[in-house]
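Below is one structure; the comments refer to it alone.
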Amino acid sequence: MRVVIIGGVAGGMSAATRLRRLDAEAEIIVLERSGHVSYANCGLPYFVGGVIEDESALLLQTPKSLHRRFALDVRVHTEVTAIDAAAKVVEVVDLSTTKVYELSYDVLVLSPGATPVIPPIPGIARAMPLRTVEDVQKMSEAVARIPSSAVVIGGGFIGVEIAENLHHRGVATSIVEAIAQVLAPLDPEMAQLVADEIQGHDVGLYLGESVVAIHPSTVELASGELLDAELVIVAIGVRPDVSLARAAGLQVGSRGGVVVDKFNRTSDLSIYAIGDAAEKTDALDGNATLVPLANIANRQGRVVADHIAGRTVRPLKTIGTAIVKVFDLTIATTGWNEKRLTAMGVGFQAIHTHPASHAGYYPGAKKMALKMLVDPFTGEILGAQGVGTEGVDKRIDVLATAIRAGLKAPELADLELAYAPPFGSAKDPINMLGYVAENVLSGLEETVQWNQVETLQREGFQLVDVRTAQEFAMGTIPGAINIPVDEIRGRLNEFNQDRVLVTCQVGMRGHTASALLKEKGIHVMNLDGGYETWVNSPSARNLQLVS
Ligand SMILES: Cc1cc2nc3c(=O)[nH]c(=O)nc-3n(C[C@H](O)[C@H](O)[C@H](O)COP(=O)(O)OP(=O)(O)OC[C@H]3O[C@@H](n4cnc5c(N)ncnc54)[C@H](O)[C@@H]3O)c2cc1C
């Protein structure tokens, strides 16, 4: 059996090495257009920034080492230019010699990845994308000349990573992002924390702005503003590379990726497609989706090798778990966000918490912001987001695992998670999300979200801030009165009897207050996530802009 694999990085090389472990005899040929295989493209931004100093650290294998260990025939500088699916033949160009030849296959695996989206704006030729080792080499050479300024077009995961790394190299850097926030997978009240972090490190941030032209030393924004930009990086996203697949007549889906079945077979059953080029199945709604991330590319490579080798495989669905570092912050997401749930008309209950990374009394505890989205009727966990300096990664990983395992949100309360003061809390942030979910879903507590406050105030709800007078004096939601939680019992006559909205710092004292007021027959709701969530929301930021 001859298996030909197009693309020798995440998906392609996982497929090749796994297949060799399962089948000692198969002829496995990997064709890679660039000069490198099996490189760590996720590490590329850190090489530009000098955090990873040695380029060879990113090059995990070479054709020689892969041949030695796995008897793979790996050909770099080798591009596949066409697939004849009927004849089961690919057309190949050896880019070093320009020699063209044909290669027959029994099974073909497509893992050509994605291509950066390059917007058609004047001057775009001088903007650099970051996708391959060759791209990073070019960018590193440009950065080594210490440009006085750089503009990164795009505030997504790669855009913010590269901006941080340019800043790390001492380059005055700005990010221009067309939508009103960075990191689209986050909801706006979470993304604001990241925007603050970026601006706090003197990286310029232009949100809701787009670049309309690139000039020799500046970029021009739609607003007419010119930004100094000796270096321009373009990172506005990627799209599946389906050029070969489309030309070969393989089905391309509505999301723009190669359509595959549950075994990653394309519309031609001798051809598989994996990684960024292939459409995935969303675990929540079963629809086609695109998730250009390394984990799923690697996993699909393995699944396809297993299927080729005749093993039983578990079909893969995706929830799109992702993480990124932005200066001192860790930002992680899994599943769907509120924007997407709303757009899809899916009902949800949002829960915001602001727990400490470990027991507050043990030195070094850091506060984080967590948001979980839950089906209000079934308790299914639909998605989660976390932003903080410590402990976010493990919480989102637990939530991603919970989603995969089908745990209901209240069951998070039952998880027995490792605890000692330096690492967590006896009531871990994950358990706390479960407690809140249990209270809210069972109707024990009624919560409202930051974006409902104004409307409820207009409807006549009395907004009561139950923090201390000192905290209240340092800032509160406009229109709130202050009755500290410890004084509630003695000041019950000050409460509006039928419509009260309580708020505190993060929602916990509000929970105690609402329980107390409810006992007294008052219709009360608690602001989810408290002042801390509200103050980072567009509601608060718009007010600040007005004042
Ligand atoms: C800068 C950067 C940072 C990233 N950071 C992260 C991260 O932190 N976390 C994460 O999960 N993901 C990250 N990713 C995404 C991740 O790298 C990809 O999802 C993953 O590599 C996709 O694997 P793949 O096999 O589909 O494609 P790739 O790994 O991109 O490999 C495709 C290969 O196919 C080759 N090829 C294409 N067409 C042909 C052809 N016709 N003939 C021969 N060869 C061809 C290409 O040269 C390329 O080397 C990052 C990506 C980049 C670029």
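Being a predicted model, the structure only gives us computed values, none of them experimental. Just so you know, ligand 1 is whichever comes first in the structure, and atom 1 is the first atom listed for that ligand.
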In the protein, which heavy atom is nearest to [atom], and how far is it?
| atom | answer |
| --- | --- |
| atom 10 (C) of ligand 1 | Ala294 N, 3.5 Å |
| atom 9 (N) of ligand 1 | Cys42 SG, 3.8 Å |
| atom 53 (C) of ligand 1 | Leu130 O, 3.5 Å |
| atom 30 (O) of ligand 1 | Arg131 NH2, 3.1 Å |
| atom 27 (O) of ligand 1 | Gly113 CA, 3.2 Å |
| atom 52 (C) of ligand 1 | Ile158 CD1, 3.5 Å |
| atom 40 (C) of ligand 1 | Ile6 CG2, 3.7 Å |
| atom 31 (O) of ligand 1 | Val9 CB, 3.4 Å |

What part of [X], side chain from CB on, backbone N/CA/C/O, both or neither, has a heavy atom under 4.0 Å from ligand 1?
| X | result |
| --- | --- |
| Pro292 | backbone |
| Asp276 | both |
| Pro45 | side chain |
| Leu293 | both |
| Tyr39 | side chain |
| Thr78 | backbone |

(message) Using ring centroids (six-membered ring only for Trp), state whether Phe327 and His167 fall under 6.0 Å.
(response) yes
(message) I need the minimum non-hydrogen distance between Gly335 and Leu284, along with the two atoms involved.
(response) CA-CD1, 4.4 Å
(message) Using the rule given for side-chain hydrogen bond (donor to acceptor under 3.5 Å, both in side chains), can you reason through Thr81 versus Glu79, listing the C-alpha separation, both sets of side-chain angles and the distance that settles it, and then say yes or no?
(response) CA-CA 6 Å; Thr81 45; Glu79 181 170 7; over 6 Å; no
Any Lys/Arg nitrogen of [X] or [Y] sitting under 4.0 Å from an Asp/Glu carboxylate oxygen of the other?
| X | Y | result |
| --- | --- | --- |
| Asp393 | Arg395 | no |
| Glu164 | Lys325 | yes |
| Asp328 | Lys366 | no |

(request) Decide side-chain hydrogen bond (donor to acceptor under 3.5 Å, both in side chains) for Gln137 and Glu55; before the verdict, give the C-alpha distance in whole Å, the side-chain angles of both, and the deciding distance to 0.1 Å. (result) CA-CA 9 Å; Gln137 282 165 343; Glu55 189 184 351; 2.7 Å; yes
(message) Less than 4.5 Å apart, side chain to side chain, heavy atoms only: is that true for Val51 and Asn165?
(response) yes
(message) Is there a side-chain contact between Asp187 and Lys339 in this structure, where contact means two heavy atoms from C-beta onward sitting under 4.5 Å apart?
(response) yes
Counting heavy atoms only, name the option from [options] that's nearest to [atom].
| atom | options | answer |
| --- | --- | --- |
| atom 2 (C) of ligand 1 | Val48, Ile323, Asn41 | Asn41 |
| atom 32 (C) of ligand 1 | Ser111, Gly11, Gly7, Gly8 | Ser111 |
| atom 47 (O) of ligand 1 | Arg33, Lys325, Glu32 | Glu32 |
| atom 41 (N) of ligand 1 | Val80, Val109, Asp241, Val76 | Val80 |

Numbering the atoms of ligand 1 from 1, which are under 4.0 Å from a heavy atom of [X]?
| X | value |
| --- | --- |
| Leu244 | 41 (N) |
| Ala297 | 22 (C), 23 (O) |
| Gly275 | 26 (O) |

(request) Take every heavy atom of Phe157, measure it against each atom of ligand 1, and state whether any distance is under 4.0 Å. (result) no
(message) Applying side-chain hydrogen bond (donor to acceptor under 3.5 Å, both in side chains) to Thr266 and Asp268, what does each step give before you reach the verdict?
(response) CA-CA 5 Å; Thr266 67; Asp268 178 318; 5.3 Å; no
(message) Parallel, tilted or perpendicular, judged at 30° and 60°: which one describes the rings of Phe263 and His307?
(response) parallel
(request) Give the intermediate values and the outcome of side-chain contact (heavy atoms from CB on, under 4.5 Å) for residues Phe70 and Arg21. (result) CA-CA 8 Å; Phe70 296 104; Arg21 291 187 188 101; 3.6 Å; yes
(message) Looking only at distances, can you tell me whether any N or O atom of Glu79, backbone or side chain, sits closer than 3.5 Å to an N or O atom of ligand 1?
(response) no
(message) For the backbone of Arg131 and the side chain of Asp135, can you confirm whether one donor and one acceptor N or O come within less than 3.5 Å of each other?
(response) yes
(request) Go through the side-chain N and O atoms of Thr333 and Gln385 and say whether any donor and acceptor fall under 3.5 Å apart. (result) no
